[in-house]
Amino acid sequence: MLRLSASAEADIISILAWTEDRFGHNARKRYQALLITALRDIMSDPERPGSISRPELGPAIRSYHLRHSRERVGALGGIVRTPRHLLLYRAIDPDIVGIGRVLHDAMEVERNLPADYGDR
């Protein structure tokens with residue numbers, strides 16, 4: 001099961017709105033399909049290839065760039081050639097993955113963590 005923080009939900013809404021405004025409805029659908037695929041990928045295996053342990057950000061925090069899920073989008077949508085976002089998350093327990101943020105890969109990660117991410 002996935003749990004999205006309020007920040008992650010806002011990130012996704014903003015990313016998809018910006019994508020539609022900038023590139024159109026079909027591009028938004030492709031990026032949405034990529035996000036869904038990446039979320040499913042880390043839910044099924046939080047330590048999947050491509051994920052990175054981020055101990056400098058807090059205990060058990062990992063990041064996963066959307067580019068690692070590009071080829072698995074399949075019937076959900078077309079290929080996003082240059083995805084630019086990463087998921088910050090942690091496995092809360094064996095059945096729950098908590099998504100803290102969905103950030104552009106050019107952003108300073110440390111400045112954009114949810115307030116409680118360093119606490120656990």
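Contacts classified as ring-ring contact (aromatic ring centres under 6.0 Å, His included) and involving residues 45-64 (residues at least two apart or in different chains) are given here: Y64-H68. Applying the salt bridge (Lys or Arg N to Asp or Glu O under 4.0 Å) test to pairs two or more places apart or on separate chains, those with a residue in residues 6-20 are D11-R101, E20-R28.
A donor-acceptor contact shorter than 3.5 Å links the side chain of S5 to the backbone of A8.
Hydrophobic clustering keeps I13 apart from L86 (ILVMFWY residues linked when any side-chain heavy atoms are closer than 4.5 Å, directly or through intermediates).
Judged as a ring-ring contact (aromatic ring centres under 6.0 Å, His included), and not counting sequence neighbours, H65 has no contacts. Shown here are the side-chain contact (heavy atoms from CB on, under 4.5 Å) partners of S14, two or more places apart in sequence or in another chain: there are none. Partners of D21 according to the side-chain contact (heavy atoms from CB on, under 4.5 Å) rule, which considers only residues two or more places apart in sequence or in another chain, do not exist here. By the side-chain contact (heavy atoms from CB on, under 4.5 Å) test, I52 pairs with R54, S63, sequence neighbours left out. Every residue was checked against the salt bridge (Lys or Arg N to Asp or Glu O under 4.0 Å) condition with R70, not counting sequence neighbours, and none meets it. Partners of R3 according to the side chain to side chain donor-acceptor pair (under 3.5 Å) rule, which considers only residues two or more places apart in sequence or in another chain, do not exist here.
Hydrophobic clustering, defined by side-chain heavy atoms of Ile, Leu, Val, Met, Phe, Trp and Tyr closer than 4.5 Å, groups F23 together with W18.
Taking each heavy atom of V80 and P83 in turn, the nearest pair found is O-CD, 3.4 Å. Contact record, Y89 with S51: OH-CB, 3.2 Å, taken as the closest heavy-atom pair. The two residues A38 and L66 make their nearest non-hydrogen contact at CB-CD2, 3.3 Å.
When side chains are defined from C-beta on, I12 does not count as touching I99, because their heavy atoms never get closer than 4.5 Å.
Just one residue in the list L4, L88, L39, L87 forms a side-chain contact (heavy atoms from CB on, under 4.5 Å) with V102, and that residue is L87.
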